[in-house]
Protein chains: 2
Amino acid sequence: MSRASDQAYDKIRAHLLSGAVKPGEQLTEYQLAQVTGVSRTPVREAVRRLEGEMLLVRSESKRIFVADWSRDDIDEMFTLRKMLEGHAAERAALRLKSDEIDRLEAVNRELHDAVEHDPPDVTRFLDANRTFHEIITEAAHSPRLGQVLAMLVEAPVVLRTARSYSVADLEQSARDHDELIAAFRAGDPDWARAVMGSHLRRAFHTFAGAAE
Amino acid sequence: MSRASDQAYDKIRAHLLSGAVKPGEQLTEYQLAQVTGVSRTPVREAVRRLEGEMLLVRSESKRIFVADWSRDDIDEMFTLRKMLEGHAAERAALRLKSDEIDRLEAVNRELHDAVEHDPPDVTRFLDANRTFHEIITEAAHSPRLGQVLAMLVEAPVVLRTARSYSVADLEQSARDHDELIAAFRAGDPDWARAVMGSHLRRAFHTFAGAAE
DNA sequence: CGGGTATAAATTGTATACAATAGGAAATGC
DNA sequence: GCATTTCCTATTGTATACAATTTATACCCG
(Lines give C-alpha, C1' and ligand atoms only; values in the text may rest on other atoms or scores of the structure.)
Protein backbone atom coordinates (compact mmCIF):
# COMPACT_ATOMS: atom_id res chain seq x y z
CA MET A 1 0.00 0.00 0.00
CA SER A 2 0.81 3.62 -0.13
CA ARG A 3 3.43 5.06 2.09
CA ALA A 4 1.50 7.78 3.90
CA SER A 5 -1.70 5.83 4.43
CA ASP A 6 0.28 2.85 5.73
CA GLN A 7 2.14 5.09 8.08
CA ALA A 8 -1.16 6.50 9.26
CA TYR A 9 -2.59 3.02 9.67
CA ASP A 10 0.36 1.79 11.70
CA LYS A 11 0.45 4.85 13.93
CA ILE A 12 -3.27 4.94 14.60
CA ARG A 13 -3.38 1.22 15.25
CA ALA A 14 -0.45 1.43 17.62
CA HIS A 15 -2.14 4.36 19.29
CA LEU A 16 -5.32 2.36 19.82
CA LEU A 17 -3.51 -0.73 21.06
CA SER A 18 -1.37 1.32 23.43
CA GLY A 19 -4.47 2.18 25.38
CA ALA A 20 -3.77 5.91 25.08
CA VAL A 21 -7.35 6.36 23.89
CA LYS A 22 -10.29 4.82 25.63
CA PRO A 23 -13.06 2.69 24.10
CA GLY A 24 -15.99 4.87 23.14
CA GLU A 25 -13.83 7.95 22.77
CA GLN A 26 -14.39 10.09 19.68
CA LEU A 27 -11.62 10.68 17.19
CA THR A 28 -11.59 13.12 14.31
CA GLU A 29 -9.84 12.88 11.00
CA TYR A 30 -8.17 16.23 11.55
CA GLN A 31 -6.83 15.15 14.93
CA LEU A 32 -5.52 11.88 13.50
CA ALA A 33 -3.93 13.79 10.64
CA GLN A 34 -2.07 15.93 13.18
CA VAL A 35 -0.91 12.90 15.14
CA THR A 36 0.21 10.92 12.12
CA GLY A 37 1.73 13.86 10.29
CA VAL A 38 -0.06 13.24 7.01
CA SER A 39 -3.10 14.85 5.46
CA ARG A 40 -6.69 13.75 5.97
CA THR A 41 -6.80 11.84 2.70
CA PRO A 42 -4.53 8.96 3.75
CA VAL A 43 -5.95 9.16 7.27
CA ARG A 44 -9.37 8.43 5.86
CA GLU A 45 -8.07 5.31 4.17
CA ALA A 46 -6.41 4.15 7.34
CA VAL A 47 -9.59 4.76 9.30
CA ARG A 48 -11.60 2.73 6.82
CA ARG A 49 -9.16 -0.14 7.21
CA LEU A 50 -9.40 0.02 10.99
CA GLU A 51 -13.16 0.08 10.71
CA GLY A 52 -12.90 -3.12 8.70
CA GLU A 53 -10.88 -4.61 11.53
CA MET A 54 -13.47 -3.31 13.92
CA LEU A 55 -11.00 -1.35 16.00
CA LEU A 56 -12.95 1.76 15.09
CA VAL A 57 -16.67 2.20 14.63
CA ARG A 58 -18.77 4.99 13.20
CA SER A 59 -21.78 6.62 14.73
CA GLU A 60 -24.95 7.08 12.75
CA SER A 61 -23.67 10.44 11.66
CA LYS A 62 -20.32 9.06 10.46
CA ARG A 63 -18.31 10.25 13.39
CA ILE A 64 -15.41 8.03 14.41
CA PHE A 65 -15.17 6.28 17.75
CA VAL A 66 -12.83 3.81 19.37
CA ALA A 67 -14.60 0.46 19.39
CA ASP A 68 -16.11 -0.58 22.66
CA TRP A 69 -16.46 -4.33 23.15
CA SER A 70 -19.05 -5.88 25.38
CA ARG A 71 -18.63 -9.32 26.87
CA ASP A 72 -21.11 -10.67 24.33
CA ASP A 73 -19.12 -9.11 21.50
CA ILE A 74 -16.00 -10.84 22.69
CA ASP A 75 -17.80 -14.14 23.12
CA GLU A 76 -19.13 -13.92 19.61
CA MET A 77 -15.75 -13.08 18.23
CA PHE A 78 -14.01 -15.97 19.88
CA THR A 79 -16.79 -18.29 18.75
CA LEU A 80 -16.08 -17.24 15.18
CA ARG A 81 -12.35 -17.56 15.69
CA LYS A 82 -12.81 -21.05 17.11
CA MET A 83 -14.66 -22.11 13.98
CA LEU A 84 -12.29 -20.50 11.56
CA GLU A 85 -8.99 -21.14 13.28
CA GLY A 86 -10.12 -24.66 14.10
CA HIS A 87 -10.59 -25.14 10.40
CA ALA A 88 -7.21 -23.57 9.71
CA ALA A 89 -5.54 -25.85 12.23
CA GLU A 90 -7.15 -28.87 10.62
CA ARG A 91 -5.86 -27.93 7.22
CA ALA A 92 -2.48 -26.97 8.59
CA ALA A 93 -2.13 -30.39 10.22
CA LEU A 94 -2.43 -31.95 6.78
CA ARG A 95 -0.11 -29.55 5.02
CA LEU A 96 2.61 -28.34 7.34
CA LYS A 97 6.08 -29.56 6.38
CA SER A 98 8.49 -30.43 9.14
CA ASP A 99 10.64 -27.34 8.57
CA GLU A 100 7.57 -25.16 9.00
CA ILE A 101 6.76 -26.94 12.24
CA ASP A 102 10.36 -26.23 13.28
CA ARG A 103 9.60 -22.58 12.70
CA LEU A 104 6.48 -22.81 14.85
CA GLU A 105 8.60 -24.34 17.57
CA ALA A 106 11.10 -21.52 17.37
CA VAL A 107 8.36 -18.93 17.64
CA ASN A 108 6.88 -20.74 20.61
CA ARG A 109 10.26 -20.86 22.34
CA GLU A 110 10.32 -17.09 21.98
CA LEU A 111 6.85 -17.03 23.47
CA HIS A 112 7.92 -19.23 26.39
CA ASP A 113 10.84 -16.91 27.03
CA ALA A 114 8.56 -13.89 27.12
CA VAL A 115 6.35 -15.61 29.67
CA GLU A 116 9.25 -16.71 31.88
CA HIS A 117 10.71 -13.23 31.89
CA ASP A 118 10.18 -11.40 35.16
CA PRO A 119 7.92 -9.58 34.85
CA PRO A 120 6.41 -11.37 31.84
CA ASP A 121 6.98 -9.42 28.65
CA VAL A 122 3.40 -9.12 27.45
CA THR A 123 4.22 -7.23 24.27
CA ARG A 124 6.72 -9.87 23.19
CA PHE A 125 4.19 -12.54 24.12
CA LEU A 126 1.51 -10.95 21.96
CA ASP A 127 3.89 -10.54 19.03
CA ALA A 128 5.02 -14.14 19.16
CA ASN A 129 1.45 -15.28 19.64
CA ARG A 130 0.34 -13.36 16.58
CA THR A 131 3.15 -14.81 14.51
CA PHE A 132 2.33 -18.31 15.71
CA HIS A 133 -1.28 -18.05 14.62
CA GLU A 134 -0.32 -16.38 11.37
CA ILE A 135 1.93 -19.26 10.42
CA ILE A 136 -0.94 -21.67 10.93
CA THR A 137 -3.38 -19.55 8.97
CA GLU A 138 -0.81 -19.19 6.23
CA ALA A 139 -0.26 -22.95 6.13
CA ALA A 140 -3.97 -23.50 5.61
CA HIS A 141 -3.49 -22.02 2.13
CA SER A 142 -6.80 -20.31 2.24
CA PRO A 143 -6.42 -16.66 1.33
CA ARG A 144 -9.98 -15.68 2.18
CA LEU A 145 -9.77 -17.42 5.51
CA GLY A 146 -6.67 -15.37 6.16
CA GLN A 147 -8.41 -12.15 5.25
CA VAL A 148 -11.42 -12.90 7.40
CA LEU A 149 -9.31 -13.89 10.37
CA ALA A 150 -7.17 -10.80 10.06
CA MET A 151 -10.17 -8.69 10.90
CA LEU A 152 -11.09 -10.79 13.91
CA VAL A 153 -7.78 -11.48 15.55
CA GLU A 154 -6.56 -8.09 16.63
CA ALA A 155 -9.79 -6.61 17.82
CA PRO A 156 -9.91 -7.75 21.44
CA VAL A 157 -6.30 -6.80 22.00
CA VAL A 158 -7.47 -3.23 22.40
CA LEU A 159 -8.67 -4.34 25.79
CA ARG A 160 -5.32 -5.61 26.89
CA THR A 161 -4.48 -2.54 28.90
CA ALA A 162 -7.66 -3.03 30.87
CA ARG A 163 -6.44 -6.21 32.47
CA SER A 164 -3.32 -7.69 33.91
CA TYR A 165 -2.55 -10.93 32.19
CA SER A 166 -2.05 -13.63 34.74
CA VAL A 167 1.15 -15.62 34.47
CA ALA A 168 -0.89 -18.82 34.72
CA ASP A 169 -2.91 -17.85 31.65
CA LEU A 170 0.20 -17.04 29.65
CA GLU A 171 1.85 -20.31 30.64
CA GLN A 172 -1.20 -22.31 29.69
CA SER A 173 -1.27 -20.57 26.31
CA ALA A 174 2.31 -21.55 25.70
CA ARG A 175 1.52 -25.16 26.65
CA ASP A 176 -1.48 -25.14 24.30
CA HIS A 177 0.88 -24.16 21.53
CA ASP A 178 3.19 -27.01 22.48
CA GLU A 179 0.34 -29.45 22.14
CA LEU A 180 -0.72 -27.91 18.87
CA ILE A 181 2.78 -28.50 17.58
CA ALA A 182 2.55 -32.12 18.71
CA ALA A 183 -0.71 -32.49 16.80
CA PHE A 184 0.93 -31.02 13.70
CA ARG A 185 3.90 -33.37 13.99
CA ALA A 186 1.45 -36.25 14.23
CA GLY A 187 -0.41 -34.86 11.21
CA ASP A 188 -3.66 -35.31 13.11
CA PRO A 189 -6.27 -32.75 11.99
CA ASP A 190 -8.87 -33.72 14.61
CA TRP A 191 -6.38 -33.33 17.41
CA ALA A 192 -5.24 -29.98 16.04
CA ARG A 193 -8.78 -28.66 15.81
CA ALA A 194 -9.62 -29.81 19.33
CA VAL A 195 -6.54 -28.18 20.84
CA MET A 196 -7.19 -24.98 18.95
CA GLY A 197 -10.76 -25.01 20.22
CA SER A 198 -9.88 -25.26 23.87
CA HIS A 199 -7.01 -22.81 23.41
CA LEU A 200 -9.33 -20.15 22.06
CA ARG A 201 -12.09 -20.84 24.56
CA ARG A 202 -9.59 -20.31 27.36
CA ALA A 203 -8.41 -17.12 25.71
CA PHE A 204 -12.01 -15.97 25.59
CA HIS A 205 -12.41 -16.34 29.34
CA THR A 206 -9.17 -14.48 29.87
CA PHE A 207 -10.38 -11.56 27.79
CA ALA A 208 -13.93 -11.75 29.02
CA GLY A 209 -12.66 -11.17 32.53
CA ALA A 210 -11.31 -7.83 31.36
CA ALA A 211 -14.61 -6.68 29.89
CA GLU A 212 -16.85 -7.21 32.90
CA MET B 1 -27.45 6.81 0.79
CA SER B 2 -27.15 9.42 -1.85
CA ARG B 3 -23.59 10.04 -0.92
CA ALA B 4 -21.29 10.01 -3.89
CA SER B 5 -19.17 7.15 -2.60
CA ASP B 6 -22.25 5.01 -2.03
CA GLN B 7 -23.51 5.83 -5.47
CA ALA B 8 -20.14 4.88 -6.88
CA TYR B 9 -20.15 1.65 -4.89
CA ASP B 10 -23.60 0.64 -6.11
CA LYS B 11 -22.86 1.47 -9.72
CA ILE B 12 -19.49 -0.25 -9.83
CA ARG B 13 -20.86 -3.30 -8.07
CA ALA B 14 -23.80 -3.51 -10.44
CA HIS B 15 -21.37 -3.10 -13.28
CA LEU B 16 -19.27 -6.01 -12.06
CA LEU B 17 -22.27 -8.24 -11.40
CA SER B 18 -23.79 -7.44 -14.77
CA GLY B 19 -20.89 -9.18 -16.41
CA ALA B 20 -20.08 -6.14 -18.53
CA VAL B 21 -16.48 -6.45 -17.41
CA LYS B 22 -14.58 -9.71 -17.46
CA PRO B 23 -12.64 -11.30 -14.60
CA GLY B 24 -9.01 -10.29 -14.79
CA GLU B 25 -9.78 -7.09 -16.65
CA GLN B 26 -8.04 -3.93 -15.47
CA LEU B 27 -10.03 -0.95 -14.27
CA THR B 28 -8.75 2.52 -13.53
CA GLU B 29 -10.01 5.03 -11.02
CA TYR B 30 -10.37 7.65 -13.72
CA GLN B 31 -12.45 5.32 -15.87
CA LEU B 32 -14.69 4.41 -12.92
CA ALA B 33 -15.06 8.09 -12.07
CA GLN B 34 -16.32 8.72 -15.61
CA VAL B 35 -18.76 5.83 -15.44
CA THR B 36 -20.12 6.71 -12.01
CA GLY B 37 -20.17 10.46 -12.60
CA VAL B 38 -18.30 11.35 -9.42
CA SER B 39 -14.70 12.30 -8.78
CA ARG B 40 -11.90 9.88 -8.04
CA THR B 41 -12.04 10.49 -4.29
CA PRO B 42 -15.35 8.69 -3.66
CA VAL B 43 -14.45 6.15 -6.34
CA ARG B 44 -11.40 5.22 -4.34
CA GLU B 45 -13.53 4.56 -1.29
CA ALA B 46 -15.92 2.44 -3.28
CA VAL B 47 -13.04 0.47 -4.76
CA ARG B 48 -11.60 -0.18 -1.31
CA ARG B 49 -14.97 -1.52 -0.20
CA LEU B 50 -15.21 -3.78 -3.20
CA GLU B 51 -11.69 -4.98 -2.52
CA GLY B 52 -12.87 -5.91 0.95
CA GLU B 53 -15.65 -7.92 -0.61
CA MET B 54 -13.11 -9.42 -2.94
CA LEU B 55 -14.91 -8.42 -6.08
CA LEU B 56 -11.85 -6.41 -7.01
CA VAL B 57 -8.22 -7.21 -6.42
CA ARG B 58 -5.05 -5.18 -6.72
CA SER B 59 -1.89 -6.09 -8.52
CA GLU B 60 1.45 -5.77 -6.84
CA SER B 61 1.70 -2.25 -8.19
CA LYS B 62 -1.73 -1.22 -6.86
CA ARG B 63 -3.56 -1.45 -10.12
CA ILE B 64 -7.17 -2.53 -9.97
CA PHE B 65 -8.49 -5.71 -11.55
CA VAL B 66 -11.78 -7.55 -11.61
CA ALA B 67 -11.41 -10.57 -9.35
CA ASP B 68 -10.85 -13.85 -11.09
CA TRP B 69 -12.02 -16.89 -9.18
CA SER B 70 -10.52 -20.31 -9.66
CA ARG B 71 -12.42 -23.47 -8.82
CA ASP B 72 -10.33 -23.79 -5.66
CA ASP B 73 -11.19 -20.24 -4.66
CA ILE B 74 -14.87 -20.99 -4.99
CA ASP B 75 -14.52 -24.23 -3.08
CA GLU B 76 -12.77 -22.44 -0.26
CA MET B 77 -15.37 -19.76 -0.18
CA PHE B 78 -18.26 -22.14 0.05
CA THR B 79 -16.45 -24.11 2.72
CA LEU B 80 -16.23 -20.95 4.78
CA ARG B 81 -19.83 -20.07 4.07
CA LYS B 82 -20.92 -23.55 5.12
CA MET B 83 -19.21 -23.10 8.47
CA LEU B 84 -20.45 -19.59 9.07
CA GLU B 85 -23.94 -19.84 7.66
CA GLY B 86 -24.34 -23.24 9.29
CA HIS B 87 -23.59 -21.50 12.56
CA ALA B 88 -26.02 -18.72 11.68
CA ALA B 89 -28.75 -21.22 10.85
CA GLU B 90 -28.18 -22.97 14.16
CA ARG B 91 -28.58 -19.76 16.09
CA ALA B 92 -31.50 -18.66 13.96
CA ALA B 93 -33.32 -21.92 14.71
CA LEU B 94 -33.17 -21.04 18.38
CA ARG B 95 -34.17 -17.42 17.99
CA LEU B 96 -36.54 -16.96 15.05
CA LYS B 97 -40.05 -15.94 16.07
CA SER B 98 -42.94 -17.33 14.09
CA ASP B 99 -43.67 -14.03 12.36
CA GLU B 100 -40.09 -13.88 11.15
CA ILE B 101 -40.44 -17.39 9.79
CA ASP B 102 -43.59 -16.21 8.04
CA ARG B 103 -41.48 -13.58 6.38
CA LEU B 104 -38.96 -16.21 5.27
CA GLU B 105 -41.83 -18.16 3.78
CA ALA B 106 -43.04 -15.12 1.88
CA VAL B 107 -39.58 -14.51 0.47
CA ASN B 108 -39.29 -18.12 -0.54
CA ARG B 109 -42.66 -18.01 -2.30
CA GLU B 110 -41.26 -15.12 -4.31
CA LEU B 111 -38.24 -17.29 -5.03
CA HIS B 112 -40.42 -20.21 -6.13
CA ASP B 113 -42.32 -17.88 -8.44
CA ALA B 114 -39.11 -16.67 -10.03
CA VAL B 115 -38.05 -20.27 -10.68
CA GLU B 116 -41.41 -21.29 -12.15
CA HIS B 117 -41.42 -18.33 -14.47
CA ASP B 118 -40.70 -19.24 -18.08
CA PRO B 119 -37.93 -18.62 -18.65
CA PRO B 120 -36.82 -18.58 -14.98
CA ASP B 121 -36.18 -15.07 -13.74
CA VAL B 122 -32.63 -15.47 -12.48
CA THR B 123 -32.26 -11.90 -11.25
CA ARG B 124 -35.40 -12.15 -9.14
CA PHE B 125 -34.22 -15.53 -7.90
CA LEU B 126 -30.87 -14.11 -6.81
CA ASP B 127 -32.51 -11.14 -5.10
CA ALA B 128 -34.92 -13.32 -3.16
CA ASN B 129 -32.13 -15.74 -2.36
CA ARG B 130 -30.00 -12.95 -0.97
CA THR B 131 -32.86 -11.65 1.14
CA PHE B 132 -33.57 -15.14 2.46
CA HIS B 133 -30.01 -15.64 3.64
CA GLU B 134 -29.84 -12.12 5.04
CA ILE B 135 -32.87 -12.72 7.22
CA ILE B 136 -31.21 -15.80 8.69
CA THR B 137 -27.92 -14.03 9.27
CA GLU B 138 -29.79 -11.15 10.84
CA ALA B 139 -31.69 -13.51 13.14
CA ALA B 140 -28.42 -14.96 14.38
CA HIS B 141 -27.87 -11.63 16.16
CA SER B 142 -24.18 -11.73 15.51
CA PRO B 143 -23.02 -8.48 13.98
CA ARG B 144 -19.53 -9.64 13.20
CA LEU B 145 -20.78 -12.80 11.61
CA GLY B 146 -22.94 -10.59 9.44
CA GLN B 147 -20.00 -8.44 8.46
CA VAL B 148 -17.82 -11.41 7.63
CA LEU B 149 -20.51 -13.12 5.60
CA ALA B 150 -21.27 -9.94 3.68
CA MET B 151 -17.83 -10.11 2.17
CA LEU B 152 -18.17 -13.76 1.21
CA VAL B 153 -21.68 -14.00 -0.10
CA GLU B 154 -21.67 -11.83 -3.19
CA ALA B 155 -18.31 -12.74 -4.55
CA PRO B 156 -19.09 -15.79 -6.69
CA VAL B 157 -22.09 -14.10 -8.22
CA VAL B 158 -19.70 -12.27 -10.49
CA LEU B 159 -19.46 -15.57 -12.31
CA ARG B 160 -23.14 -15.90 -12.88
CA THR B 161 -23.05 -14.69 -16.43
CA ALA B 162 -20.58 -17.41 -17.23
CA ARG B 163 -23.12 -20.18 -16.77
CA SER B 164 -26.74 -20.88 -17.47
CA TYR B 165 -28.46 -21.82 -14.29
CA SER B 166 -30.28 -25.09 -14.73
CA VAL B 167 -33.93 -25.13 -13.73
CA ALA B 168 -33.30 -28.27 -11.71
CA ASP B 169 -30.67 -26.47 -9.60
CA LEU B 170 -32.96 -23.55 -8.96
CA GLU B 171 -35.83 -25.80 -7.97
CA GLN B 172 -33.65 -27.78 -5.60
CA SER B 173 -32.50 -24.53 -3.99
CA ALA B 174 -36.09 -23.50 -3.42
CA ARG B 175 -36.84 -26.91 -1.85
CA ASP B 176 -33.75 -26.58 0.39
CA HIS B 177 -35.20 -23.33 1.64
CA ASP B 178 -38.51 -25.04 2.32
CA GLU B 179 -36.77 -27.61 4.44
CA LEU B 180 -34.79 -24.92 6.22
CA ILE B 181 -38.06 -23.24 7.12
CA ALA B 182 -39.36 -26.54 8.46
CA ALA B 183 -36.26 -26.87 10.63
CA PHE B 184 -36.81 -23.34 11.93
CA ARG B 185 -40.46 -24.06 12.72
CA ALA B 186 -39.31 -27.13 14.62
CA GLY B 187 -36.72 -25.02 16.41
CA ASP B 188 -34.12 -27.68 15.64
CA PRO B 189 -30.63 -26.19 15.33
CA ASP B 190 -28.95 -29.43 14.20
CA TRP B 191 -31.45 -29.93 11.43
CA ALA B 192 -31.07 -26.32 10.33
CA ARG B 193 -27.29 -26.59 10.19
CA ALA B 194 -27.41 -29.83 8.25
CA VAL B 195 -29.81 -28.48 5.66
CA MET B 196 -27.76 -25.31 5.29
CA GLY B 197 -24.67 -27.43 4.81
CA SER B 198 -26.05 -29.52 1.98
CA HIS B 199 -27.69 -26.46 0.45
CA LEU B 200 -24.40 -24.63 0.22
CA ARG B 201 -22.45 -27.63 -0.94
CA ARG B 202 -24.89 -28.08 -3.81
CA ALA B 203 -24.57 -24.39 -4.58
CA PHE B 204 -20.82 -24.86 -4.73
CA HIS B 205 -21.08 -27.55 -7.38
CA THR B 206 -23.42 -25.34 -9.37
CA PHE B 207 -20.94 -22.48 -9.33
CA ALA B 208 -17.91 -24.69 -9.72
CA GLY B 209 -19.29 -25.90 -12.99
CA ALA B 210 -19.09 -22.32 -14.23
CA ALA B 211 -15.43 -21.91 -13.34
CA GLU B 212 -13.98 -24.90 -15.15
C1' DC C 1 17.73 -7.06 -35.34
C1' DG C 2 18.27 -7.36 -29.90
C1' DG C 3 18.94 -5.58 -25.62
C1' DG C 4 19.12 -2.18 -22.69
C1' DT C 5 18.26 2.64 -21.44
C1' DA C 6 16.12 7.06 -21.59
C1' DT C 7 11.81 9.25 -22.15
C1' DA C 8 6.94 9.75 -22.20
C1' DA C 9 2.38 8.25 -20.80
C1' DA C 10 -0.71 6.27 -17.68
C1' DT C 11 -2.07 5.37 -13.08
C1' DT C 12 -2.25 5.68 -8.35
C1' DG C 13 -1.17 8.55 -4.04
C1' DT C 14 -1.43 12.94 -1.35
C1' DA C 15 -2.52 17.62 -0.07
C1' DT C 16 -5.65 21.19 0.07
C1' DA C 17 -9.67 24.06 -0.69
C1' DC C 18 -14.28 24.09 -0.49
C1' DA C 19 -19.12 21.99 0.17
C1' DA C 20 -22.50 19.55 2.83
C1' DT C 21 -24.07 18.03 7.07
C1' DA C 22 -24.56 17.18 11.89
C1' DG C 23 -24.15 18.84 16.78
C1' DG C 24 -24.20 22.18 20.08
C1' DA C 25 -24.96 26.73 21.84
C1' DA C 26 -27.38 30.86 22.04
C1' DA C 27 -31.57 33.28 21.47
C1' DT C 28 -36.44 33.53 21.41
C1' DG C 29 -41.14 32.73 22.74
C1' DC C 30 -44.33 31.03 25.86
C1' DG D 1 -37.87 27.68 33.56
C1' DC D 2 -38.45 24.86 29.49
C1' DA D 3 -39.01 23.80 24.89
C1' DT D 4 -38.15 25.24 20.13
C1' DT D 5 -35.95 27.47 16.67
C1' DT D 6 -31.91 29.65 14.68
C1' DC D 7 -27.30 30.31 13.97
C1' DC D 8 -22.56 29.07 14.53
C1' DT D 9 -19.01 25.63 14.79
C1' DA D 10 -17.08 21.12 14.29
C1' DT D 11 -16.68 17.27 11.33
C1' DT D 12 -17.09 14.59 7.46
C1' DG D 13 -17.58 14.43 2.19
C1' DT D 14 -16.05 15.76 -2.56
C1' DA D 15 -13.44 17.84 -6.27
C1' DT D 16 -9.24 19.06 -8.10
C1' DA D 17 -4.38 20.00 -8.67
C1' DC D 18 -0.18 18.14 -8.24
C1' DA D 19 3.39 14.52 -6.79
C1' DA D 20 5.13 9.87 -6.98
C1' DT D 21 5.30 5.64 -9.11
C1' DT D 22 4.73 2.27 -12.44
C1' DT D 23 4.17 0.72 -17.27
C1' DA D 24 4.72 1.47 -22.11
C1' DT D 25 7.21 3.44 -25.96
C1' DA D 26 11.01 5.16 -28.58
C1' DC D 27 15.63 5.40 -29.23
C1' DC D 28 20.38 4.31 -29.35
C1' DC D 29 24.28 1.38 -29.51
C1' DG D 30 26.19 -3.11 -30.21
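Keep in mind it's a predicted model, so treat the numbers as computed, not measured. Letters go in sequence order (proteins before strands), and every chain restarts at 1.
Among D:dG13, C:dT12, D:dT12, the nucleotide with an atom closest to any side-chain atom of A:Ile64 is D:dT12.
Between the NZ atom of B:Lys62 and the P atom of D:dT23 there is a distance of 11 Å, given to the nearest Å. Rounded to whole Å, the distance from CZ on A:Arg3 to P on D:dT21 is 7 Å. Atom C1' of nucleotide D:dT22 and atom CD of B:Glu60 are separated by 11 Å, given to the nearest angstrom. For the pair B:Arg63 CZ and D:dA20 P, the computed distance is 17 Å after rounding to whole Å. When rounded to the nearest whole Å, the span between CD of B:Glu29 and P of D:dT14 equals 15 Å. Between the C1' atom of C:dG23 and the CZ atom of A:Phe65 lies a distance of 11 Å, rounded to the nearest Å. Put simply, OH on A:Tyr30 is 12 Å from P on C:dA17, counting in whole angstrom units.
In this structure, B:Arg103 places its CZ atom where only 12 or fewer heavy-atom neighbours from other residues, nucleotides or ligands lie under 6.0 Å away. Around the CD atom of B:Glu138, the shell of radius 6.0 Å holds no more than 12 heavy atoms that belong to other residues, nucleotides or ligands.
Under the 4.0 Å criterion applied to side-chain N and carboxylate O atoms, B:Arg185 and B:Glu105 are assigned as salt-bridge partners.
Within the 4.0 Å cut-off from OP1 or OP2 of C:dG13, at least one side-chain nitrogen or oxygen of B:Arg58 is found. One finds a side-chain N or O of B:Ser5 lying less than 4.0 angstrom from the OP1 or OP2 phosphate oxygen of D:dT14.
For the pair B:Gln26 and A:Ser61, both in contact range of DNA chain C, the more 5′-proximal nearest nucleotide belongs to B:Gln26.
Residues A:Ser166 and A:Asp169 have side chains that bring a donor and an acceptor to within less than 3.5 angstrom of each other.
For B:Glu100, the side chain to side chain contact (heavy atoms under 4.5 Å, CB included) partners two or more places apart in sequence, or in a different chain, are B:Leu96, B:Lys97.
The stretch residues 31-45 of chain B touches DNA chain C through B:Arg40, B:Arg44, each having a heavy atom under 4.0 angstrom from the strand.
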If you apply the rule side chain to side chain contact (heavy atoms under 4.5 Å, CB included), what do you find for B:Leu56 with B:Phe65, and how did you get there?
CA-CA 6 Å; B:Leu56 297 176; B:Phe65 295 85; over 6 Å; no
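Taking the six-membered ring where tryptophan is involved, the planes of A:His199 and A:His133 are essentially parallel, since the angle between them stays under 30° and well short of 60°.
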